[in-house]
Amino acid sequence: MEEKIEKAYRLAKEAYAKIGVDTDKAIEKLDQVPISIQCWQADDIQGFVNSNALTGGIQVTGNYPGKARNFQELTQDLEKVFSLVPGKKKVNLHAIYVTRPLEGRDIDALVPEDFAGWVEFAKKNGVGLDFNPTCFSHPMFKDNFSLASPDEEVRSFWVRHAKACVRIGDYFGKALGEKCVTNIWIPDGMKDDPYSHLEARKRLTTSLDEILATDYDHSDEILAVESKFFGIGAESYTVGSSEFYLGYAAKNQIALCLDSGHFHPNEFISDKLSSALLYVPEILLHISRPVNWDSDHVVTDTDELNHIMEGLVRDGLLDRTHIGLDFFDATINRIAAYVIGIRSTQKALLKAFLEPTEYLLGKEKALDYTERLALVEELKSYPWGDVYAYYLAKNGIPNHDWLDAVKAYEKEVLEKRGN
């Protein structure tokens with residue numbers, strides 16, 4: 001480790017100690033929080049089932065060279081990412097990322113063996129796996145509907161698909177000894193106002209009830225449902241709204257997924273966490289960055305990201321929250337996008353761990369809002385960056401020069417893929 005990094009850390013450690021914060025313990029806590037890394041950033045959500053164009057409100061812009069074209073290339077990219085970020089990790093998969101040909105079967109007949117390659121990869125790299133049904137980019141996504149479709153053939157297809165995914169998530173949890181979070185998101189909705197807002201939601205409720213009836217071990221798998229405010233082609237009506245899924249998750253005591261890019265641009269999820277967790281057992285976080293009416297931009301160090309992590313740490317909600325990333329950007333190097341997003345998330349979490357939480361809570365309870373505000377503002381300029389640099393160095397990972405490693409990988413690997 002470089003002497004200047006150690007020296008800077010010693011000074012940071014002393015500064016934080018004066019306000020009752022142990023930086024070593026903060027690093028230990030950060031190191032134990034798993035971040036679920038979305039596999040689809042590496043290949044622009046194409047998957048390995050077919051080459052169909054993206055549908056269901058999904059768009060990836062840009063054509064930066066070097067995207068992964070198969071399982072081998074995608075896992076090679078993920079391993080490169082692993083080498084550039086410390087901490088505990090999981091990999092989040094969509095159902096279209098099978099590791100063997102389906103040989104005439106469709107995705108409503110998926111079985112655990114279709115993903116055995118991922119389990120082998122996870123064991124090799126010491127990571128967990130999360131999972132998602134893929135209810136888009138498929139011929140059976142008809143008339144902008146899947147699980148809420150009025151066509152019984154279509155609805156039943158997607159129910160079978162989701163039930164198969166529940167069984168696969170259970171398989172992941174058992175095989176790896178770490179709970180798999182299986183998350184259900186659908187793009188169902190309408191471009192213009194529907195005559196009835198209720199009918200499609202009744203159909204979605206029926207579908208979800210059928211899916212939840214699937215046999216799975218609650219000690220190996222967590223089921224979550226995810227809302228969205230609007231989508232491309234569903235600008236006026238989204239069946240799976242925030243209110244719908246909050247009510248459904250609370251009633252059925254399953255996890256609620258809150259995606260930071262799935263709400264109105266002026267509506268933030270940081271204040272929703274403490275409210276939702278009074279009624280649902282667990283939260284799945286999808287961290288993305290909304291820009292105007294579009295979400296899923298690479299995560300950066302924003303005020304909202306910091307507020308999310310502050311809320312989780314200050315209110316002691318981390319043990320009931322699962323942190324995952326959800327962005328896709330093909331305008332820049334995809335490996336760099338991963339590293340930027342993961343590190344930004346870790347930095348926000350570290351800053352929250354570096355607060356004198358009990359002291360500030362005590363000041364708030366004592367109605368001493370003056371000292372509370374003064375110290376919270378002072379913390380913004382504390383040397384948390386030196387603590388993170390030490391954390392990286394401690395794990396043998398480059399700090400500011402990580403991009404050199406990415407550029408070398410681009411030249412040696414990505415440029416040779418020819419896409």
Side-chain angles (χ1 to χ4, degrees), residues 38-47 49-64 67 92 94-97 107 132-151 154-155 157-158 161-162 183-197 199-201 203-204 207 225-245 257-269 286-299 324-332 334 337 341:
Q38 76 288 21
C39 76
W40 48 90
Q41 164 62 38
D43 78 330
D44 306 340
I45 327 179
Q46 187 59 60
V49 173
N50 55 52
S51 58
N52 293 336
L54 297 177
T55 62
I58 301 291
Q59 284 189 352
V60 180
T61 55
N63 57 357
Y64 199 93
K67 77 173 181 178
N92 196 8
H94 252 286
I96 52 176
Y97 288 86
I107 60 172
N132 306 261
T134 305
C135 299
F136 53 84
S137 301
H138 189 281
M140 285 297 279
F141 182 72
K142 292 184 177 181
D143 304 312
N144 236 32
F145 284 99
S146 61
L147 288 175
S149 176
D151 183 330
V154 172
R155 192 191 72 83
F157 175 89
W158 290 112
H161 170 64
N183 179 52
I184 300 170
W185 173 78
I186 61 171
D188 296 30
M190 293 186 182
K191 185 177 182 63
D192 211 337
D193 289 326
Y195 186 72
S196 169
H197 286 243
E199 292 302 313
R201 287 176 177 146
R203 294 192 296 269
L204 178 54
S207 295
V225 286
E226 177 182 3
S227 66
K228 192 169 186 178
F229 178 58
F230 93 111
I232 300 169
E235 291 87 350
S236 297
Y237 173 66
T238 301
V239 182
S241 67
S242 177
E243 294 80 6
F244 174 87
Y245 279 129
C257 177
L258 293 176
D259 187 308
S260 55
H262 281 193
F263 292 84
H264 188 280
N266 293 325
E267 184 180 11
F268 304 112
I269 71 169
H286 275 188
I287 304 294
S288 65
R289 177 167 54 98
V291 176
N292 294 324
W293 286 107
D294 193 12
S295 62
D296 304 314
H297 290 69
V298 177
V299 173
L325 305 181
D326 187 3
F327 56 80
F328 32 89
D329 189 343
T331 67
I332 64 175
R334 295 171 183 82

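The structure presented is a predicted model; accordingly, all values stated were derived computationally and were not measured. Any value given below was found using the heavy atoms of this structure, including those in side chains, with hydrogens, waters and symmetry copies removed.
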Trainee: Looking at every non-hydrogen atom in both residues, tell me the closest pair between Val298 and Gly341 and how far apart they are.
Mentor: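 Smallest interatomic distance, heavy atoms only, reads CG1-N, 4.1 Å.
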Trainee: Side chain of Asn144, backbone of Gly233: donor and acceptor closer than 3.5 Å?
Mentor: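 Such a contact is found between Asn144 side chain and Gly233 backbone.
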Trainee: Over 60° means perpendicular and under 30° means parallel, so classify the ring planes of Trp185 and His262, tilted if in between.
Mentor: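 Answer is tilted, since the angle falls between 30° and 60°.
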Trainee: Does some side-chain heavy atom of Asp192 sit less than 4.5 Å from a side-chain heavy atom of Ser236?
Mentor: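 Heavy-atom side-chain distance check passes, below 4.5 Å.
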Trainee: More than 12 heavy atoms of other residues, nucleotides or ligands under 6.0 Å from CG of Asn50: yes or no?
Mentor: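 For Asn50, atom CG is crowded (more than 12 foreign heavy atoms under 6.0 Å).
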Trainee: Checking the side chain of Gln38 only, and the main-chain atoms of Gly324 only, is there a donor and an acceptor separated by less than 3.5 Å?
Mentor: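 Pair absent, no side-chain N/O of Gln38 close to backbone of Gly324.
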Trainee: If we ignore hydrogens and angles and just use 3.5 Å, is the side chain of His94 paired with the main-chain N or O of Ile96 as donor and acceptor?
Mentor: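 No, because the side chain of His94 does not come within donor-acceptor range (under 3.5 Å) of the backbone of Ile96.
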Trainee: Run the side chain to side chain contact (heavy atoms under 4.5 Å, CB included) test on Phe230 and Glu235 for me, step by step, so that the C-alpha distance in whole Å, both residues' side-chain angles and the decisive distance to 0.1 Å come before the verdict.
Mentor: CA-CA 5 Å; Phe230 93 111; Glu235 291 87 350; 4.0 Å; yes
Trainee: Angle class for the His161/Phe157 ring planes (parallel below 30°, perpendicular above 60°, tilted otherwise)?
Mentor: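 Ring orientation, 0 to 90° scale: parallel.
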Trainee: Is there a donor in the side chain of Trp40 and an acceptor in the side chain of Asn92, or the other way round, less than 3.5 Å apart?
Mentor: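 There is no such pair (donor and acceptor under 3.5 Å, judged by atom type) between the side chains of Trp40 and Asn92.
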Trainee: Ignoring hydrogens, what is the shortest heavy-atom contact between His138 and Trp158? Give both atom names and the distance.
Mentor: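 Looking at all heavy atoms of both residues, the shortest contact is CB-CH2, 3.8 Å.
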Trainee: Could you tell me whether the side chain of Ser242 and the main chain of Ser227 form a donor-acceptor pair under 3.5 Å?
Mentor: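 Flag not set: sc Ser242 to bb Ser227 has no pair under 3.5 Å.
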Trainee: Taking side-chain hydrogen bond (donor to acceptor under 3.5 Å, both in side chains) as the test, write out the residues that go with Arg155, two or more places apart.
Mentor: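 By the side-chain hydrogen bond (donor to acceptor under 3.5 Å, both in side chains) rule, Arg155 matches Glu152, Ser207, Glu210.
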Trainee: Would Lys228 and Asp259 count as a side chain to side chain contact (heavy atoms under 4.5 Å, CB included) if you check the C-alpha gap in whole Å, the side-chain angles of each, and the deciding distance to 0.1 Å?
Mentor: CA-CA 8 Å; Lys228 192 169 186 178; Asp259 187 308; over 6 Å; no
Trainee: OG of Ser149 to CG of Leu204: how many Å apart, nearest 0.5 Å?
Mentor: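 So the OG of Ser149 and the CG of Leu204 are separated by 11.5 Å.
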Trainee: Does a side-chain heavy-atom distance below 4.5 Å link Asp294 with Gln59?
Mentor: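 Heavy-atom side-chain distance check fails, nothing below 4.5 Å.
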Trainee: First locate atom CG of Asp44, then atom CD1 of Ile58, and finally report the distance between them rounded to the nearest 0.5 Å.
Mentor: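 Going from the CG atom of Asp44 to the CD1 atom of Ile58 covers 12.0 Å.
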Trainee: Taking Tyr97 as the fixed residue, which of Asn132, Asp43, Thr134 is the one that meets the side chain to side chain contact (heavy atoms under 4.5 Å, CB included) rule?
Mentor: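 Testing each of Asn132, Asp43, Thr134 against Tyr97, the sole residue satisfying side chain to side chain contact (heavy atoms under 4.5 Å, CB included) is Asp43.
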Trainee: For Thr55, does its backbone N or O pair with a side-chain atom of Ser137 as donor and acceptor, under 3.5 Å?
Mentor: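 Yes, the answer is positive, given that a donor and an acceptor are paired below the 3.5 Å cut-off.
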Trainee: Could you pull out the closest heavy-atom pair between Phe141 and Gly56, with the gap in Å?
Mentor: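 That closest heavy-atom pairing would be CE2-CA, 3.5 Å.
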Trainee: Passes side chain to side chain contact (heavy atoms under 4.5 Å, CB included), Phe145 versus Met190? Steps please.
Mentor: CA-CA 9 Å; Phe145 284 99; Met190 293 186 182; 3.8 Å; yes
Trainee: How close do Ala234 and Pro187 get, heavy atom to heavy atom, and via which atoms?
Mentor: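 Heavy-atom minimum between the residues: CB-O, 4.2 Å.
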Trainee: How close do Ile287 and Phe327 get, heavy atom to heavy atom, and via which atoms?
Mentor: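 Answer, listing the atom of Ile287 first, then Phe327: O-CD2, 4.3 Å.
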Trainee: Please determine whether side chain to side chain contact (heavy atoms under 4.5 Å, CB included) holds for the pair Asp143 and Asp151, giving the CA-CA distance in whole Å, both sets of side-chain angles, and the decisive distance to 0.1 Å.
Mentor: CA-CA 10 Å; Asp143 304 312; Asp151 183 330; over 6 Å; no
Trainee: Is a donor from one side chain sitting under 3.5 angstrom from an acceptor on the other, for Ser146 and Asp188?
Mentor: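 Yes, side-chain donor-acceptor contact under 3.5 Å.
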Trainee: Only counting residues at least two apart or in another chain, list the ones meeting salt bridge (Lys or Arg N to Asp or Glu O under 4.0 Å) with Asp329.
Mentor: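 With neighbours one apart ignored, the set is empty.
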Trainee: Measure the shortest side-chain to side-chain distance between Lys142 and Met140 over non-hydrogen atoms and say whether it is less than 4.5 angstrom.
Mentor: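 They are in side-chain contact.
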Trainee: Atom OH in Tyr237, atom OG in Ser196: separation rounded to 0.5 Å?
Mentor: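 Rounded to the nearest 0.5 Å, the OH-OG separation comes out at 6.5 Å.
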Trainee: For His197 and Phe244, run ring pair (Phe, Tyr, Trp, His ring centres under 6.0 Å): C-alpha distance rounded to whole Å, both residues' side-chain angles, the deciding distance at 0.1 Å, then the answer.
Mentor: CA-CA 11 Å; His197 286 243; Phe244 174 87; over 10 Å; no
Trainee: With a 3.5 Å distance limit and no angle check, can you tell me whether Arg289 reaches the backbone of Val299 through a side-chain donor-acceptor pair?
Mentor: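 Such a contact is absent between Arg289 side chain and Val299 backbone.
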Trainee: Kindly say whether Tyr64 contributes a backbone atom to a donor-acceptor pair with the side chain of Arg334 at under 3.5 angstrom?
Mentor: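 The answer is yes, because a donor-acceptor pair under 3.5 Å joins these two groups.
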Trainee: For the side chain of Gln41 and the backbone of Ile45, is there at least one donor-acceptor N/O pair under 3.5 Å apart?
Mentor: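 Pair absent, no side-chain N/O of Gln41 close to backbone of Ile45.
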Trainee: Testing the basics here: between Ser260 and Ser288, what is the closest heavy-atom pair and its distance to 0.1 Å?
Mentor: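 Smallest heavy-atom distance, with atoms named: OG-O, 2.6 Å.
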